[in-house]
Structure formats: structure tokens, C-alpha cells
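Just so you know, these numbers come straight off a predicted model, no measurement behind them. For the single chain, residues carry numbers from 1 onward in sequence order.
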Amino acid sequence: MKFAPALRRGLTAVLQKAGMLSQVPTRGRGVGFSWFGDGQDNFQRDVEVVHDKVLAHPTVYACITLIASDIAKVSLGLREREDEGYWEQAENPAYTPVLRKPNHYQTRQQFIETWMISKLQRGNAYVLKVRDARRVVVKLYVLDPTRVQPLVAPNGSVFYQLNSDDLSGLPIDLPAVPASEIIHDRMECLFHPLVGVSPIFACGVAATLGLKIDASAAKFFQNMARPSGVLTAPAAISDEVAARLKREWESNYSAGNLGKVAVLGDSLKFEGMAINAVDAQQAEQLKLSDERICTAFHVPGFMVGVGAMPSYDNVQALWQQYYNQCLQKHFESIEAVLDEGLGLDPAAYRTEFDLDDLLRMDSKTLAEVEGLKVQRGIAAPNEARRKFNLEPVEGGDSPMVQQQNYSLAALAKRDAGPDPFGKTTPAAAPAPAPAPPPADGTDPEEDPASAEDVQRAVDVGIGKVLQTVKADGDALRADVQRSFMEAIQALEARAQAEAEQQRQIESEAAARLRQFGDALTQRIERATSEA
């Protein structure tokens, strides 16, 4: 079985030579192409868009590098599906190393940036997979899109013809490589499902126009902002005189002699022929050219210096607009083709960009978003702190909500009652009658403990002390004995205090009784003496 790949490559080469593998038409992706007709009477037939020259346009360059760098700066990682259904960051020896270091000469960021530049320039990004003996992908190489040709077999199988590339480990041309060994990420396919079309196809004329305006302006200012023109005479002159005047004018008043004073005779007059910048509306033409380029790349104009800068009242909204209309498709496309190209089980693993990196410099918006997530119980405080590279705090691993929030089940149970909102006021129960005071005048709140209660407390204390002594051993015996004696002394002091209080109460009652008896005897004696 180890010779199967070689046999398959040989078979595909034979099929191609036999005409059984057809090349995919690549209209719109060539180095140069013309938009206008081929008729001899078409004055615009020579407007040709040269791909490499278009890349020199400042707005084209800015759009391509902006999109590529913004996608490359977002970290890419592996996610694993947990039993609860959410996706968590994961490490897997079969997938994580190649995501962290795709090849021997590029970092993860450089790899993604090269991927996106190839896709935006040519409409297609071809990534060659290199496998080890386990058939696990260990290297990924972004190929030169101009050296790759898609092929289709009669049965619909897709192959790719690869030219040699020493940097990517292709020392020879490969006539046909199966699609299983290539990751193909493409832009919108306007002409064939296997051929993406670059945005340059739509904005090439606008970029070419802008370049020609810049080149014309450069030549104009190289001529010290003096247009070309003609010398006119009031009457006919011979060819010899005209040639002499032209030769003398170019020798004395052009190139390094610009700015010198010309003295003309015989009623000669100089008239400029070039159209001025105001009549040509160069500024308006350049602005229109830049706006068309931004439209083709779906980039908001202000992000590449085209148009007025919006207010900074809502940076989040500006980033959301940029993400929705420009970046989201590329993020989703890269994740999808990587999942398939690395052979990930969609039920267990997937690759994912961390979009929070887009707000790394906008700390205010990031803090507001994370604070709102914590406030509404969506995320735990430690999860929000992790976004700012802060260490976790105790008690911050669980989401929190306010106390007055109730579950729907609790509210349903409340509503099922006869009075869910408590509008009916229950009848007030009669207050209990106060208990009569005791005949001896003692306070019922200060009922003295009986001897049985004291003995019971002592027994309980002794039992606890014995259990403690038995459990802890001799090392704690002195402390336990001291505690025991303190407890006994406290109980005895309380009993003596309560007995003394009782005797005082009884003596006061006896004294009052004696006073009452004495008073009564005196009244009887006084009544008797009077009678």
C-alpha cells in the first residue's frame, strides 16, 4: 500500500497526457487582460490592465495589506467540543503543532498573511499539505498561484498541476496531484467553480486610470509644471525656418533650461496644448478611482485614507461594519477549509479565530463588553479577567447574578397559588393575654436553675471532657482538666448567686410581712383603746 500514492500520480499523469484530464478555464485570473472589445474602431481597445502594475496603486496596496494583516493578527487555535455542548481551547499533538508552526520558514501570522495576499491578488490560495508516516499533516505551504493549474477528470475528480517550487519542497513539476493533498481557498467564482476571481478584476480599470493620472502629473511636474505647446507665426513659414525654430526652442527653453526668458520676434507666439488640472478634474477622478477600488474589496474607505474619517463615538459599530462586510467571509472560509484539510472530526474538533483580538487596542469597548457579560451572568469574572491577562481571584470561577432574579420554575410555582401577588390581607390574630405575675414576686425571665439542671450540666460537661481526653491523649489532659474545673467553678458560682438571690427575695418578703403584721397590730390596739 505504500506505493499507492506513486501509482496514483503516475496514473493521473498518463490520463492527462491522454487527454482524459481537462484544464479548468482561468478567464479573469491572468496576468494581463482587457475589458473592452476587440473591434478596430473601438478607441478604448488598448486599455489593458497589467496585474503587477495595478498592485502599485496605493489604494489597491492598502486594501490588500489591510485585510491580510487584520486577519493574520487574529490568533488561530484548536477547539474541542465538551460534553455540555460548548467549545473549549484544546491541545492535540496531531493538529496543534501545524497550526502553531505551519512550515519551516513562516510563523503562523506570516503563513495566514501570505495565504490572504495570494487569495486577494489572484483570487485563489493553494496550500500544499505534507504528511508524515501516520498520514498526519505536519507542514503547510502556500504555493505560488500562477504556478498551479486545476484539472478535472471525466468522473468529476479534481486534481492540481504543480510546477516546481524549492521553497515548498517541490523539486520537480508534478503533472497531477489529488485534491486531497491541496487546500484550495478561493474568492467568488464568477466563471468556474474551481477558479476564484480577484477583486482586481472589478477595480483594475479604476486602478489603471489612477496610475495614469499619477504618471501624467509626475511628468507635468518634472517639466516644472509647464505644459507642452506650439509656436505660431502670423504668416506662413518654410519648413527650414520651422525646423530651426523648433531646434532652437528645445535647445534653449526645455529640459534643464526651463524657466529662462524667451525673446520672440516676427510676431511669434507660444500656446500651451496640455489640458490643465482644473479642466481634467484630476482630484475628482482620483477620488472616484479610490472609491471604486474600496468598493471592490468591500473595505470602508476611511480605513485606507479615502473619504472623511467618521466620528469616534462608537468604535465598536465601525469595527462591526468592517467585520460584517469584509472580514467575516475570509475568517469562515479559512476555518472551513482548514477543518477539512486537516481531517478534523466535526463533532469533536474545529479550528477557530479569536475575534477578541480585533478589539485588543480598543480597551474601552473590550472592558464594556466583558463587564456586561459578567453583569448579566454570561461569563464568570475570571473569564473576563483572563481577556486582560489578569490572574484569577478567589470566588470568581462561577457566573453571578443579582439576588432578586428568580427562575421561571419558581415564578410558575408562585403563580399557581390562590393569591400569587399577596393582595389579600389575612385577619389579625388576637394578642395573647399577659401571664399573671408569680405570687412570690420573682421575675419569670430569671428562673433560677434547679439542682437537677446543675447536675445535668455537670454530667454533660464531664462526658465531653472524657471524650476529648480519650481522643486527644495525655498531651491535652492538663488543658482539659483546667477547662473542666473552670466549668465546675462557673456552675457553682452561678448556683451560689442564684441561691443568694433567692434568700434575699425570701428575707425581703418576710420583712414586708412583719411590717404588715406590726402595722395591723398597732391599728387593732389603737382601735381598742379608743373604744
Taking the side chain as every heavy atom from C-beta outward, state whether [X] and [Y] have any pair of such atoms under 4.5 Å apart.
| X | Y | answer |
| --- | --- | --- |
| Ile64 | Leu55 | yes |
| Arg147 | Ser164 | yes |
| Leu162 | Asp165 | no |
| Thr351 | Leu76 | yes |
| Asn103 | Leu140 | no |
| Phe353 | Leu327 | no |
| Tyr141 | His104 | yes |
| Val148 | Ile182 | no |

Checklist entry - Checking side chain to side chain contact (heavy atoms under 4.5 Å, CB included) for the pair Glu291/Val306: CA distance, chi angles, key distance, verdict? => result CA-CA 7 Å; Glu291 291 175 347; Val306 178; 3.9 Å; yes
[X] side chain to [Y] backbone, donor-acceptor under 3.5 Å:
| X | Y | answer |
| --- | --- | --- |
| Ser118 | Thr114 | no |
| Arg81 | Arg350 | no |
| Ser198 | Leu120 | yes |
| Glu113 | Ala68 | no |
| Arg385 | Glu391 | yes |
| Ser333 | Lys329 | no |

If you round to the nearest 0.5 Å, how far is [atom2] of [Y] from [atom1] of [X]?
| X | Y | atom1 | atom2 | answer |
| --- | --- | --- | --- | --- |
| Glu80 | Leu344 | CD | CG | 11.5 Å |
| His330 | Glu335 | NE2 | CD | 13.0 Å |
| Ile117 | Ser69 | CD1 | OG | 8.5 Å |
| Leu209 | Leu288 | CG | CG | 8.0 Å |
| Gln106 | Arg108 | CD | CZ | 12.0 Å |
| His57 | Ser289 | NE2 | OG | 4.0 Å |

Item to check | Residues, nucleotides or ligands: over 12 heavy atoms within 6.0 Å of Arg79 CZ | outcome: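 Counting neighbours around CZ of Arg79, more than 12 heavy atoms of other residues, nucleotides or ligands fall under 6.0 Å, so yes.
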Next on the checklist: Does Lys287, at its NZ atom, have more than 12 non-hydrogen atoms belonging to other residues, nucleotides or ligands within less than 6.0 Å?
Outcome noted: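 No.
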Minimal non-hydrogen separation, [X] against [Y], with atom names:
| X | Y | value |
| --- | --- | --- |
| Thr96 | Ala90 | OG1-O, 4.1 Å |
| Asn163 | Leu170 | O-CD1, 3.9 Å |
| Val136 | Ala94 | CG1-O, 3.3 Å |
| Ala207 | Val54 | CB-CG1, 3.7 Å |
| Ala380 | Val374 | O-CG2, 3.9 Å |
| His184 | Leu194 | CE1-O, 2.9 Å |

Checklist entry - Do Trp115 and Ile71 pass the side chain to side chain contact (heavy atoms under 4.5 Å, CB included) test, and can you show the C-alpha distance, the side-chain angles, and the key distance before you say yes or no? => result CA-CA 10 Å; Trp115 180 323; Ile71 293 180; over 6 Å; no
Checklist entry - Do Glu188 and Lys119 sit within salt-bridge range, that is, some charged N less than 4.0 Å from a carboxylate O? => result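 Here Glu188 does not pair with Lys119 in a salt bridge, since their nearest N and O are not under 4.0 Å apart.
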Checklist entry - Side-chain donor-acceptor pair under 3.5 Å between Asp70 and Tyr322, yes or no? => result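 Yes - a donor-acceptor pair under 3.5 Å links their side chains.
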Checklist entry - Where do Val74 and Phe331 land on the side chain to side chain contact (heavy atoms under 4.5 Å, CB included) test, with the steps shown first? => result CA-CA 10 Å; Val74 179; Phe331 281 125; 3.8 Å; yes
Next on the checklist: side chain to side chain contact (heavy atoms under 4.5 Å, CB included) for Arg131 and Glu181? Distances and angles first, verdict last.
Outcome noted: CA-CA 9 Å; Arg131 305 178 186 268; Glu181 307 306 313; 3.0 Å; yes
